[in-house]
*Asks:* 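Here's a structure for you.
Predicted model only: the values in this text are computed from it and were never measured. Atoms within each ligand, like the ligands themselves, are counted from 1 in listed order.
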Amino acid sequence: MTRIFPDDRSARFSTRAIHAGQRPDPTSGAIMPPIYQTSTYAQEGLGINKGYEYARGKNPTREALERNVAALENAMHGFAFSSGMGCLDSIMKLFKAGDHIVVGSNVYGGTFRLFDKILQNFGLQFSWVDTRDVQRIQDAMQKNTVAVLLETPTNPLMHLTDLAAAAAIAKKGGALTIVDNTFASPYFQNPLDLGADIVWHSSTKYLNGHSDVIGGVAALNDDGLAARLQFNLNSAGAVPGPMDSWLTLRGTKTLALRMRQHDANGRKVAEWLANRVGEKQVFYPGLASHPQHALAKKQMRGFGGMVSVETGSKEKAAQVVKRVKVFTLAESLGGVESLVCQPAGMTHASVAPEIRKEIGITDGLLRFSCGVEDVEDLIEDLDQAFKGL
Ligand SMILES: *Cc1c(COP(=O)(O)O)cnc(C)c1O
């Protein structure tokens, strides 16, 4: 847990992205935060130290990242982890056996796996609901519900949840609202401002943005909750190294620039695909044909670079991924380079086939992560890949 510098909330987004959490190093004036590659810290006497004892608990490079991300999410406290899943695992350890959690049915495959295959064995109870309709959250609330866990837009179907309405329902039921904001990034959406209690990210994706680090971050406002999460972070120890913290901090400096380009490219690619295969087959909240386009405009400031498309069959999907040259077939998303994946066989392979079918993750579904290349090259690439389809 690292509390933001008080003046880090005053500047506008891009300025915060570049400066928040970072001050020139007092010993040398170095403009970039040093990589404090250390596991421990010299202490002056028994019980006398500079606030740093052992680097699982605290590291100055990591603190700079934690302050930076907290400032971008309009939060008071930031936390950095060694992966998005490590972050979520430490968040879930705020709860105990017998607690009940309402979860969106179309969350990231790894989230599903962590809950269904591991945490359920420790006595946490989960109800999976289609949170596009917030009434279903209300209907799933129980006396022992401690949290409502949301992802919006979802991976890969781009379903949205009305965050303000969902957070109000959770609050009335005495539950925390926890939001995976990986897809939108803080540049386009700030769940805490809409009533959520904890926002978290796979910083592997847009925050770092260069496909060279695995990481997770969380941010929140409540001091008591922050102390509890810091206890979990230090106790469970899924912390990032200083080098990865530093790389992610370098990534967030260009977040605003990158997100504007991801968004511009995403919109153009989605429009092209809608013309090519029909707008019903394209999932992108920025398309006027998206069933939740109005909600997207209300709670997001842009739509980002993630576009999914239903090609119709596994064979057609296979043809597209075989032919693309600028897009690379790979898991992950949110980097400067464009990627494509087949969720059913890759990111969501751990979701049972019946459940995949029920929620619409077919074998013909492809998910594109539009990078920041020249969009003409992306469209030309898709044009040749979809030929004859
Ligand atoms: C990748 C991803 C995660 C998991 O994060 P890791 O950094 O891979 O552990 C969680 N949620 C979403 C939406 C993701 O895309």
Side-chain angles (χ1 to χ4, degrees), residues 62 65 69 73 79-93 103-119 131 149-161 163 178-189 191 196 198-219 233 236-241 244-245 247-248 251-252 259 262 266 283 285 300 303-308 330-335 338-344 346-351 359 361 365-371:
R62 189 167 100 216
L65 172 63
V69 173
E73 283 289 8
F79 306 79
F81 293 88
S82 53
S83 71
M85 295 326 295
C87 173
L88 180 61
D89 187 56
S90 281
I91 291 171
M92 296 310 290
K93 285 170 182 157
V103 197
S105 52
N106 179 219
V107 291
Y108 174 71
T111 298
F112 174 82
R113 182 172 56 190
L114 176 67
F115 292 1
D116 191 58
K117 302 283 191 293
I118 299 181
L119 295 181
T131 56
L149 227 122
L150 305 166
E151 188 181 316
T152 177
T154 62
N155 175 12
L157 291 168
M158 311 305 284
H159 293 169
L160 268 58
T161 299
L163 285 174
I178 300 170
V179 180
D180 181 342
N181 201 27
T182 300
F183 263 41
S185 92
Y187 185 67
F188 286 134
Q189 179 170 273
I198 301 176
V199 58
W200 69 281
H201 292 262
S202 166
S203 49
T204 311
K205 316 295 168 53
Y206 285 113
L207 287 174
N208 179 60
H210 293 76
S211 307
D212 50 14
V213 172
I214 296 283
V217 291
L233 176 149
V239 297
D244 283 358
S245 301
L247 279 168
T248 307
T252 58
M259 290 316 293
H262 284 298
F283 309 99
M300 302 171 74
F303 312 110
M306 299 305 299
V307 185
S308 294
E331 299 212 4
S332 201
L333 61 108
S338 292
L339 302 178
V340 57
C341 84
Q342 185 221 19
M346 298 169 73
T347 53
H348 289 64
S350 61
V351 179
I359 58 186
I361 303 177
L365 188 78
L366 288 180
R367 187 193 77 187
F368 293 96
S369 172
C370 300

*Asks:* In Å and rounded to the nearest 0.5 Å, what is the CZ to OG distance from Phe183 to Ser369?
*Replies:*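 Answer for the CZ-OG pair, Phe183 versus Ser369, is 8.0 Å.
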
*Asks:* For Leu160 and Pro153, which heavy atoms make the closest approach, and how far apart are they?
*Replies:*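 Where Leu160 meets Pro153 most closely, the heavy atoms are CD1-CB, 3.8 Å.
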
*Asks:* Numbering the atoms of ligand 1 from 1, which are under 4.0 Å from a heavy atom of Ser83?
*Replies:*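 Per the distance check, 7 (O), 9 (O).
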
*Asks:* Short list, please: which atoms of ligand 1 are under 4.0 Å from a heavy atom of Leu333?
*Replies:*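 Contacts of ligand 1 toward Leu333, numbered from 1: 15 (O).
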
*Asks:* Determine, considering heavy atoms only, which of Thr204, Asn181, Leu114 sits nearest to atom 7 (O) of ligand 1.
*Replies:*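 Answer by nearest heavy atom: Thr204.
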
*Asks:* Contact between Thr154 and ligand 1, counting heavy atoms under 4.0 Å?
*Replies:*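 No, that is not the case, since the closest heavy atom of the residue is not under 4.0 Å from the ligand.
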
*Asks:* Pull out every atom of ligand 1 sitting under 4.0 Å from any heavy atom of Asp180, numbered as shown with elements.
*Replies:*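 By the 4.0 Å cutoff, the relevant atoms are 10 (C), 11 (N), 12 (C), 13 (C).
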
*Asks:* Of all heavy-atom pairs between His159 and Asn106, which one has the smallest distance, and what is that distance?
*Replies:*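 Of all heavy-atom pairs spanning His159 and Asn106, the closest is ND1-OD1, 3.7 Å.
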
*Asks:* Would you mind running through ligand 1 and noting each atom that sits below 4.0 Å from a heavy atom of Gly215?
*Replies:*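 Within the 4.0 Å cut-off of Gly215, ligand 1 contributes 7 (O).
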
*Asks:* Would you name the heavy atoms of Thr182 and Asp180 that are closest together and state the gap between them?
*Replies:*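 That would be OG1-OD1, 2.6 Å.
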
*Asks:* How about Cys341 and Thr347: do any of their side-chain heavy atoms sit closer than 4.5 Å?
*Replies:*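 A side-chain contact under 4.5 Å exists here.
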
*Asks:* In the protein, which heavy atom is nearest to atom 10 (C) of ligand 1, and how far is it?
*Replies:*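 Of every protein heavy atom, Tyr108 CD2, 3.4 Å lies nearest to atom 10 (C) of ligand 1.
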
*Asks:* Any chance you could measure Trp200, atom CH2, to Asn181, atom CG, to the nearest 0.5 Å?
*Replies:*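 Answer for the CH2-CG pair, Trp200 versus Asn181, is 10.5 Å.
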
*Asks:* So for Trp200, does at least one of its heavy atoms come nearer than 4.0 angstrom to any atom of ligand 1?
*Replies:*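 Distance cut 4.0 Å: Trp200 passes for ligand 1.
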
*Asks:* Rounded to the nearest 0.5 Å, how far does OG of Ser308 lie from CE of Met158?
*Replies:*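 OG of Ser308 is found 6.5 Å from CE of Met158.
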
*Asks:* Which heavy atom of the protein is the closest neighbour of atom 14 (C) of ligand 1, given with residue, atom name and distance?
*Replies:*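 Scanning the protein heavy atoms, the shortest distance from atom 14 (C) of ligand 1 goes to Lys205 NZ, 3.0 Å.
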
*Asks:* Quick check: Ile214 and ligand 1, any N/O pair under 3.5 Å apart?
*Replies:*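 By distance alone, the answer is no.
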
*Asks:* May I ask whether Gly334 places a heavy atom under 4.0 Å from ligand 1?
*Replies:*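 So Gly334 does not count as touching ligand 1.
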
*Asks:* Which of these, Met85, His201, Glu151, has its nearest heavy atom closest to atom 9 (O) of ligand 1?
*Replies:*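 That would be Met85.
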
*Asks:* Roughly how far apart are Phe283 CZ and Phe368 CZ, rounded to 0.5 Å?
*Replies:*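 These two atoms lie 12.5 Å from each other.
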
